[in-house]
Amino acid sequence: LRSVRELASGLALPEVGLDVDVASTLVDQTVQITEAMVRRRVSQKFYSLRLKVLSECLLPFAKSIIAAITEQQQQGSFHVVDIVRMANVALLSDSMQLMDDVVH
């Protein structure tokens, strides 16, 4: 953006002869294009993040919950604390790490 502004300022000099309004419009359009590109990139990153959270956090969590419940039912005991502990690791820790990776 800085380069475009410098270019527009240079083009608006009397020696070049480009109208100030035209140079201003060039800068405005470049800003709009840049904002649209950034929004699209952020949207793509968060879409990718949602897929990663599903495949790397929620799916393994669901599988481990099913296995744990099945095992606990066979043993005749059911402990909600174990499920909450697995949820804490799978959903909070792992998904927060994925988010940190995307942000950085």
Side-chain angles (χ1 to χ4, degrees):
L1 290 176
R2 188 177 336 157
S3 299
V4 171
R5 284 190 178 111
E6 290 172 3
L7 173 66
S9 296
L11 292 175
L13 292 173
E15 299 87 36
V16 178
L18 187 64
D19 185 34
V20 174
D21 291 334
V22 172
S24 177
T25 301
L26 174 66
V27 171
D28 291 342
Q29 289 175 348
T30 303
V31 168
Q32 290 173 358
I33 290 170
T34 303
E35 288 175 353
M37 289 171 53
V38 168
R39 279 191 204 102
R40 186 174 298 139
R41 179 73 175 146
V42 168
S43 178
Q44 288 173 345
K45 283 287 193 178
F46 278 101
Y47 178 77
S48 173
L49 175 63
R50 286 191 301 263
L51 291 177
K52 276 187 164 186
V53 167
L54 282 172
S55 65
E56 295 180 18
C57 299
L58 292 176
L59 185 60
F61 170 68
K63 287 179 180 179
S64 64
I65 289 298
I66 291 169
I69 289 172
T70 303
E71 180 181 324
Q72 288 178 1
Q73 285 176 344
Q74 288 173 353
Q75 294 175 354
S77 64
F78 183 77
H79 301 285
V80 176
V81 174
D82 294 333
I83 294 172
V84 171
R85 190 176 304 125
M86 287 189 292
N88 184 33
V89 171
L91 301 178
L92 295 177
S93 299
D94 293 349
S95 60
M96 289 303 290
Q97 182 60 49
L98 286 172
M99 288 183 225
D100 283 346
D101 294 345
V102 168
V103 170
H104 296 293

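Residue numbers count from 1 along this sequence. Quick caveat: nothing in here was measured; it's all calculated off a predicted structure.
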Taking every heavy atom of S55 against every heavy atom of P60, the minimum-distance pair comes out as O-CD, 3.3 Å
Rounded to the nearest 0.5 Å, the CZ atom of R40 sits from the CE atom of M37 at a distance of 8.0 Å
Closest non-hydrogen contact found for I66 with T70 is O-OG1, 2.7 Å
Inset, instruction - Determine, using the 4.5 Å side-chain heavy-atom cutoff (strictly less than), whether Y47 and V38 are members of one ILVMFWY cluster. - result: no
Review point. So, does S48 use its side chain to make a donor-acceptor pair with the main chain of Q44 at under 3.5 Å?
Key: no
Between the CD1 atom in I33 and the CG atom in D28, the distance rounded to the nearest 0.5 Å is 11.0 Å
Exercise. How about K45 and L49: do any of their side-chain heavy atoms sit closer than 4.5 Å?
Worked result: no
- Task: Give the cluster check for L58 versus I69: same hydrophobic cluster or not, with ILVMFWY residues linked at side-chain heavy-atom distances below 4.5 Å.
- Result: yes
